[in-house]
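Okay, structure first, notes after.
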Amino acid sequence: MNIPLVDLKAQYLSLKKEIDEAVKKVINSSAFIMGEELKLFEEEFARFCGSKYTIGVASGTAALHLSLKALGVKVGDEVITTPQTFIATAEAISNCGAKPVFVDIDEKTYNIDPGKIEKAITKRTRAIIPVHLYGHPAAISKIMAMAKKYRLKVIEDCAQAHGAEYKGKKVGSFGDTGCFSFFPAKSLGGYGDGGMVTTNKVKLAKMIRLLRDHGRIDKYKSTVVGFGERLDNLQAAILRVKLRHLNKWINKRRQIVYLYNQFLSGPKIITPHEAKNVKTAYYVYTIRVKNRDRLREKLKSEGIATGIYYSIPLHLQPAYKFLSYRRDDFPITEKIAKSILSLPLYPELSKENVEKIAETVLKHV
Ligand SMILES: *Cc1c(COP(=O)(O)O)cnc(C)c1O
């Protein structure tokens, strides 16, 4: 067997003609930055998300960073988030000069536990960044209510959750902004880096639009000190092609997850939980087992790739040593980090291979 964790080549081959044409069109036009494709992709993605405004940016990290900047987060501020996420979530906070304040996660959804947020709020708290981890929406109603009570901003990290829904509404349309990543392996991925900010607030949209392009209102006139964090036209053209297939892919992913669950549910394996009122847009398929590292080795030796998202929680990352967190500060996060394992998941994964993977897991678990 040789089954990768994701198969970007298979997806390209299934769309080769459309993608090659889109790429050729941009190269022929020589409009690489701030072109027509970007404008159209922003409009189409806004429609997909049910958000009024969208701003294409250089990466998911840039989406988070520019959101925080536009919301005025600065030195001395605190921003609450989860320790069980990709480090970019916290980096965006740190790179505004603010301090990430972590809150433990919910044992079922692996997302920030809304019941533990209030205790972490101080006079300095300015915002909350819930992450919709693995494509499962965070408890956004409760988070929005908490934010309202304490007048905090909410930035949704949707980097893993394109198309996920909470009570029938797409993630990214609840908070002040939603931040998406188009890193190649994400559910909607470009052929390089890319990202998007969604918002329903016109002022915020205008500010983020300025910030992504050096604060410029015309070629050599800038009204604010900004950044060079645009989404390029070539990525936008590729992403426009892929966006047309996204709903189909999300459903394929859900079918595969359903199949995996059928095979794997039992006393030895905890399969993904889907809360009532949500539609998970599965970015990865993550199980929990006791002997995770051993199982991972066994699967590797049988040609099955796996991933761990994430093995080192952010409060224990060497880069965040200066925050002075300790082991056992977030027991649920730490417990989960030791037992999670993600199995191959991509829309092109065949039913036969899902079956083979499940059999191999069951053999070694
Ligand atoms: C991928 C990811 C990011 C960062 O996105 P990039 O496009 O790689 O900068 C941020 N947060 C989460 C949860 C992610 O998975």
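Note that the coordinates shown come from a computational prediction; the quantities given were computed from them, not determined experimentally. Counting starts at 1 for both ligands and their atoms, in listed order. These numbers come from the heavy atoms of this one structure, side chains and all, not from hydrogens, waters or symmetry mates.
- A distance-only check finds no donor-acceptor pair linking the side chain of Arg288 to the backbone of Ile269 [under 3.5 Å].
- Remark: His132 engages no residue in a ring pair (Phe, Tyr, Trp, His ring centres under 6.0 Å) (not counting sequence neighbours).
- Residues passing the side-chain hydrogen bond (donor to acceptor under 3.5 Å, both in side chains) test with Lys52, sequence neighbours excluded: none.
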Does ligand 1 have any N/O atom under 3.5 Å from a protein N/O, and what are those pairs and their distances?
| from | atom 1 | to | atom 2 | distance (Å) |
| --- | --- | --- | --- | --- |
| ligand 1 | 5 (O) | Ser181 | OG | 3.3 |
| ligand 1 | 7 (O) | Gly60 | N | 2.8 |
| ligand 1 | 7 (O) | Ser181 | OG | 2.6 |
| ligand 1 | 9 (O) | Gly60 | N | 3.3 |
| ligand 1 | 9 (O) | Thr61 | N | 2.9 |
| ligand 1 | 9 (O) | Thr61 | OG1 | 2.5 |
| ligand 1 | 11 (N) | Asp157 | OD1 | 3.3 |
| ligand 1 | 11 (N) | Asp157 | OD2 | 2.8 |
| ligand 1 | 15 (O) | Gln160 | NE2 | 2.9 |
| ligand 1 | 15 (O) | Lys186 | NZ | 3.1 |

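- In this structure Phe183 satisfies the ring pair (Phe, Tyr, Trp, His ring centres under 6.0 Å) test with no other residue, sequence neighbours excluded.
- No salt bridge links Asp77 with Arg124; every basic N to acidic carboxylate O contact stays at or beyond 4.0 Å.
- Note on Lys242 versus Glu18: no salt bridge recorded, every NZ/NE/NH1/NH2 to OD/OE distance being 4.0 Å or above.
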